[in-house]
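The structure appears below as structure tokens.
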Amino acid sequence: MQAIDYAKKASTSFALPDICLRIRQMLDDHQSDVEDIGNLVSLDPSLASKLLKLANSPLFRFRSQVDNIGKAVNILGGEALYNLVMAETAKDAFDSLSDENVDLKRFWKQSLFTGLVAKHLAKLARVRGSERFFLLGLLHNLAELVVTKESPELAAKCIPADHATVPFALQKNILGFTYPQCSSTILQLWQLPTQISLPIMHITDEDYAMGNKEVAIMHVAAIAGYMLATNFPGNLPETINPAILASVDLDVEVLVDAITFSKQEINQMMSIFSPY
């Protein structure tokens with residue numbers, strides 16, 4: 001099976017909620033404003049309460065409590081609210097596509113660590129909309145669930161036997177594609193914006209990362225997320241190509257800071273997102 005075949009399986013098993021598409025349409029429609037988006041979200045009390053919980057999480061660090069959707073929209077803006085809706089949607093997608101052959105606690109940790117490291121690196125690199133990078137990290141490994149569900153024997157071969165190797169090259173050799181590449185294809189079929197699917201598509205490509213700031217951040221974060229979630233025995237900063245960090249005016253010291261922040265936040269984020 002090719003990446004597109006697994007992506008179609010995912011689209012059959014999980015449909016993107018209508019509210020995600022409606023919010024995206026509103027954001028792309030200049031006649032709609034953030035108040036319209038807030039009113040739409042408020043029609044779903046369950047979603048609204050979850051978004052308020054996320055808005056008050058370590059993702060944002062607001063000085064005062066965000067206690068209603070209107071305030072959240074005014075503070076965050078429409079794009080950030082959309083990213084929060086998609087983050088909550090990702091949780092539902094993971095539940096729908098999960099399989100007993102996946103170590104789900106590790107999967108969640110890897111996804112959350114990647115998102116947290118990416119968000120911190122984006123913020124330190126002064127990239128606008130840094131909260132979007134949390135969503136990119138959360139979604140980048142989605143295909144692992146799909147491949148494991150459809151082809152458990154192949155997925156098992158994609159797990160490094162020594163637990164001391166970042167698995168992207170192994171995925172490419174076994175499947176013909178990496179999990180991030182397949183995840184990006186899934187997101188395209190879900191009609192998500194290219195600013196979400198494109199950086200994920202190229203996460204494992206070092207050459208592409210050298211010339212693209214968003215991909216460089218996600219490349220570093222994906223390696224860090226995997227290593228942090230699996231108790232990787234190697235030295236994390238030494239595993240990452242320093243030239244990629246330098247290409248976005250960051251260095252190992254900044255990466256260590258991002259990892260430290262992420263370690264401080266992971267337990268709270270696991271309690272919000274993960275059932276494990």
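Sequential numbering from 1 along the given sequence is applied to the chain's residues.
- Heavy-atom neighbours of Lys149 NZ from other residues, nucleotides or ligands within 6.0 Å: above the threshold of 12.
- The aromatic rings of Trp108 and Phe94 stand perpendicular to each other, their planes meeting at an angle above 60°, with 30° marking the opposite boundary.
- Under the 4.5 Å side-chain heavy-atom criterion for Ile, Leu, Val, Met, Phe, Trp and Tyr, Ile217 and Leu198 are members of distinct hydrophobic clusters.
- Pairs of residues two or more places apart, or lying in two chains, that qualify as ring-ring contact (aromatic ring centres under 6.0 Å, His included) and include a residue from residues 2-27 are Tyr6-Phe177, Phe14-Trp190.
- For Ser130 (side chain) and Val127 (main-chain N/O), no donor-acceptor pair under 3.5 Å exists by modelled atom type.
- With values rounded to the nearest 0.5 angstrom, Leu40 atom CG is found 4.5 Å from Met26 atom CE.
- Residues forming a side-chain contact (heavy atoms from CB on, under 4.5 Å) with Val248 (at least two apart in sequence, or on another chain): Lys213, Ala216, Leu250.
- Note on Val254: it does not cluster hydrophobically with Val215, by side-chain heavy-atom contacts below 4.5 Å among ILVMFWY residues.
- Residues Asp5 and Gln2 have side chains that never bring a donor and an acceptor to within less than 3.5 angstrom of each other.
- Counting only distance, with no hydrogens or angles, the side chain of Thr148 and the backbone of Ala155 share no donor-acceptor pair below 3.5 Å.
- Legend: residues meeting side-chain contact (heavy atoms from CB on, under 4.5 Å) with Lys263, ordered by chain and number and at least two apart, are Phe113, Leu228, Ile259.
- In this structure the side chain of Asp67 never reaches within 4.5 angstrom of the side chain of Leu52, judged on heavy atoms.
- Between the side chain of Ser42 and the main chain of Gly38, a donor-acceptor pair closer than 3.5 Å is present.
- No more than 12 heavy atoms of other residues, nucleotides or ligands shown are found within 6.0 angstrom of NZ on Lys9.
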| task | Begin from the C-alpha positions of Leu142 and Leu97 and carry the test side-chain contact (heavy atoms from CB on, under 4.5 Å) through to its verdict. | result | CA-CA 9 Å; Leu142 170 65; Leu97 299 170; 3.8 Å; yes
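- You'll find the side chain of Leu145 reaches within 4.5 Å of the side chain of Leu104, heavy atoms only.
- Judged by distance alone, with hydrogens and angles left aside, the side-chain atoms of Gln181 form a donor-acceptor pair with the main-chain N or O of Thr178 at under 3.5 Å.
- The two residues Ser183 and Asn141 have their closest heavy-atom pair at OG-C, 3.6 Å.
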| query | Given the rule in the side-chain contact (heavy atoms from CB on, under 4.5 Å) test, do Asn212 and His202 qualify, once you have shown the distances and angles that lead to the verdict? | reply | CA-CA 10 Å; Asn212 186 292; His202 298 288; over 6 Å; no
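- Looking at Asp29, its side chain never comes within 3.5 Å of a backbone N or O of Gln25 through a donor-acceptor pair.
- Between atom CD1 of residue Ile196 and atom NE2 of residue His140 there is a gap of 15.0 Å, rounded to the nearest 0.5 Å.
- Annotation: side chain of Ile223 is not in contact with side chain of Thr114 (no heavy-atom distance under 4.5 Å).
- Sparse packing is recorded around CZ of Arg22, with 12 or fewer heavy atoms of other residues, nucleotides or ligands lying under 6.0 Å away.
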| request: Could you give me the CA-CA distance, side-chain angles and deciding distance for Tyr179 and Val147, then say whether side-chain contact (heavy atoms from CB on, under 4.5 Å) is met? | output: CA-CA 8 Å; Tyr179 287 155; Val147 173; 3.8 Å; yes
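- Between the side chain of Lys119 and the backbone N or O of Leu135, no donor-acceptor pair lies under 3.5 Å.
- Remark: side-chain polar atoms of Ser271 are paired, donor with acceptor, to backbone N or O of Gln268 under 3.5 angstrom.
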| task | Show your reasoning for whether side-chain contact (heavy atoms from CB on, under 4.5 Å) applies to Ser197 and Leu192. | result | CA-CA 7 Å; Ser197 62; Leu192 296 193; 5.6 Å; no
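- Linking ILVMFWY residues whenever their side-chain heavy atoms come closer than 4.5 Å, directly or via other members, places Tyr226 and Val117 in the same cluster.
- A side chain to side chain donor-acceptor pair (under 3.5 Å) with Arg132 is found for exactly one of Glu214, Glu79, Gln195, namely Glu214.
- Every residue two or more places apart in sequence or in another chain that forms a side-chain contact (heavy atoms from CB on, under 4.5 Å) with Thr260 is listed here: Val256, Gln264.
- In this model, a donor atom of one side chain and an acceptor atom of the other lie less than 3.5 Å apart for Ser184 and Gln188.
- Residues Lys157 and Gln171 have side chains not in contact (no heavy-atom distance under 4.5 Å, counting atoms from C-beta outward).
- A salt bridge links Arg24 with Asp28; the closest basic N to acidic carboxylate O contact falls under 4.0 Å.
- By the rule that hydrophobic residues join a cluster once side-chain heavy atoms approach within less than 4.5 Å of another member, Leu139 and Leu189 end up as members of separate clusters.
- Glu131 is linked by a side-chain contact (heavy atoms from CB on, under 4.5 Å) to Phe60, Ala80, Asn83, counting only residues two or more places apart in sequence or in another chain.
- Residue pairs satisfying the ring-ring contact (aromatic ring centres under 6.0 Å, His included) criterion with at least one member in residues 239-272, sequence neighbours excluded, are listed as follows: His120-Phe261.
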